[in-house]
Amino acid sequence: MGIKRIYDRLFEEYGSQGWWPVTPVGGCKGVKPEGPIYGVALKNEKQKIEIIFGAILTQNTSWKNVEKAIISLNNEDLINVDKIIKIDKTELAAVIKSAGYYNQKALKLKNIAEFLKKYPIKALENMELGKARELLLAVNGVGPETADSILLYALNKPIFVVDAYTKRMFDNLGLIKKDDSYDNVQEFFMKNLPADAKLFNEYHALIVEHAKRYYSKKPYGTKCFLRG
DNA sequence: GCCCAGGAGCCCG
DNA sequence: CGGGCTCATGGG
C-alpha cells in the first residue's frame, strides 16, 4: 500500500485527531479534570506557546504525563515567555516534574523562551520554513522532531513530523528501514505527499493513534490492518 | 522486575 | 557519521 492510501485508511478508521491538543482560552484552573482539549482550529498566541512548550515536554515521554505538567504550568500562569525566562530553574523543574527529565526540560524551556524573546511567534510565522527550522535546530534542546512539531503544529508550516512510532510502523510495513535517518524518512513522506500542513498535521496524529494501538508492544504490528 | 512513552545532547571510535 | 549512555516520571 502507498502512503497516501495508508493515510486514507487511517483517517477512515479513526477520523480527525484534532491535533495539537491545547488548553482552552480561559485556562483550566478551577475546572478540575479539564486539561488540554482537542479540535481547536484557530489558536491564539498563548496556545501556540503552550504547543511549543509541550513539544519539548513530550520528548520521549507519554502525553499523559506531559498533560499534567501543562496543567501545572497553566495554573502557575507560566505559559508565558517572560515568566519562563525569569523563574528559577529549580522551581520550574518542580512544576513540570510529572513530565520526567525535569532538570533537562526546565533548562530547555528556558532556552526556547529566550529564543522566542528574540524571534517572536509572528516573526517565525512570517519566516521561510527552512530558515525557521534552521534557527529552531540551533536551540539547545530542540532536535529535528521537536523543531518540526513546532513548525507544523504551532506555526502551521507544511513539514512532516517523524517520530519513533513513524519509523517503527513504516519499517514494519516494509516502506522504510528502521535505521534510516530522520531526514531520509521525512523526505520519503514529503516526496510522496502534497506539501499541505493540514494533511501533515492529521497524518502524524493518525500514525501516533494507530501505533499506540498496534505498535507499542512486541511483536509489533501483528494485528495491524494495514499489512498485506 | 521489565519495557515503553508523541527525543536530544554528548562523548567516543 | 553512527552507536551507546544519560536524563526521570508513570503506566502496563
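Note that these values count all heavy atoms, side chains included, but never hydrogens, waters or copies made by symmetry. A note on names: the letters A, B, ... follow the listed sequences, proteins ahead of strands, and every chain is numbered from 1. Since the structure is predicted, the reported quantities are computational estimates derived from the model, not experimental observations.
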Closest nucleotide of DNA chain C for A:Lys64 versus for A:Ser181: which of these residues is on the 5' side?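 Result: A:Ser181.
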Contact under 4.0 Å: [X] side-chain N or O vs [N] OP1/OP2:
| X | N | result |
| --- | --- | --- |
| A:Asn140 | B:dA8 | no |
| A:Lys68 | C:dG11 | yes |
| A:Tyr165 | B:dG6 | yes |
| A:Thr146 | B:dA8 | yes |
| A:Tyr215 | B:dG6 | no |
| A:Lys105 | C:dT9 | no |
| A:Tyr101 | B:dA8 | no |

Can a donor-acceptor pair be found between the side chains of [X] and [Y] at a distance below 3.5 Å?
| X | Y | answer |
| --- | --- | --- |
| A:Tyr101 | A:Asn60 | yes |
| A:Tyr214 | A:Asn172 | no |
| A:Thr61 | A:Lys105 | yes |
| A:Asn75 | A:Ser72 | no |

Report yes if some heavy atom in the side chain of A:Ile84 is under 4.5 Å from a heavy atom in the side chain of A:Glu114; otherwise report no.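 No - every pair of side-chain heavy atoms lies 4.5 Å or more apart.
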A:Tyr14 and A:His210 aromatic ring geometry - parallel, tilted or perpendicular at 30°/60° bounds: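 Ring orientation of A:His210 relative to A:Tyr14: tilted.
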Would you please determine if the base of B:dG6 is stacked by A:Trp63, with stacking meaning a centroid separation under 5.5 angstrom and planes under 30 degrees?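 Yes, aromatic ring over the base.
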Base of B:dG6 and ring of A:Trp20 stacked, centres under 5.5 Å, planes under 30°: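 So A:Trp20 does not count as stacking on the base.
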How close or far is atom [atom2] of [N] from atom [atom1] of [X], stated in whole angstroms?
| X | N | atom1 | atom2 | value |
| --- | --- | --- | --- | --- |
| A:Lys97 | C:dC7 | NZ | C1' | 14 Å |
| A:Glu67 | B:dA5 | CD | P | 18 Å |
| A:Glu209 | B:dA5 | CD | C1' | 14 Å |
| A:Lys167 | B:dC4 | NZ | P | 16 Å |
| A:Ile96 | C:dT9 | CD1 | P | 12 Å |
| A:Asn65 | B:dG6 | CG | P | 10 Å |
| A:Ile207 | B:dA5 | CD1 | P | 14 Å |
| A:Gln59 | B:dC4 | CD | C1' | 17 Å |

Side chain of [X] only, heavy atoms from C-beta on: which candidate in [options] is closest?
| X | options | answer |
| --- | --- | --- |
| A:Val208 | B:dC4, C:dC7, B:dG6 | B:dG6 |
| A:Arg168 | C:dG10, B:dA5, C:dC7 | B:dA5 |
| A:Tyr220 | B:dC10, B:dG6, B:dC4 | B:dC4 |
| A:Asn60 | C:dG11, C:dT9, B:dG7 | B:dG7 |
| A:Lys212 | B:dC4, C:dC7, B:dG6 | B:dG6 |
| A:Lys217 | C:dC7, C:dG12, B:dG6 | C:dG12 |
| A:Asn103 | C:dA8, C:dG10, B:dG7 | C:dA8 |

Sort out the partner of B:dG1 for me: Watson-Crick or G-U wobble, both distances under 3.5 Å, none otherwise.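 Here B:dG1 is not engaged in any pair, so there is no nucleotide opposite it.
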Nearest heavy atom decides the nucleotide; on that basis, is A:Ser216 or A:Gly143 closer to the 5' end of DNA chain B?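 In this pair, the answer is A:Ser216.
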A:Val142 or A:Thr58, whichever maps to the more 5' nucleotide of DNA chain B: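 Result of the comparison: A:Thr58.
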Rounding to the closest angstrom, what is the interatomic distance between [N] and [M] at atom [atom1]?
| N | M | atom1 | result |
| --- | --- | --- | --- |
| B:dC3 | C:dG4 | P | 16 Å |
| C:dC1 | B:dG6 | P | 30 Å |
| C:dG10 | B:dA8 | P | 22 Å |

Counting the atoms with a prime plus P, OP1 and OP2 as sugar-phosphate, which does A:Glu145 contact under 4.0 Å by heavy atoms, base, sugar-phosphate, or nothing?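 The answer is sugar-phosphate, as A:Glu145 gets under 4.0 Å only of primed atoms, P, OP1 or OP2.
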Check every strand shown and say whether A:Val139 touches a base, only sugar-phosphate, or nothing at a heavy-atom separation below 4.0 Å.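 Here A:Val139 touches the backbone only, sparing every base.
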Heavy atoms of other groups near A:Asp196 CG, more than 12 under 6.0 Å: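 Yes, the 6.0 Å shell around CG holds more than 12 heavy atoms from other groups.
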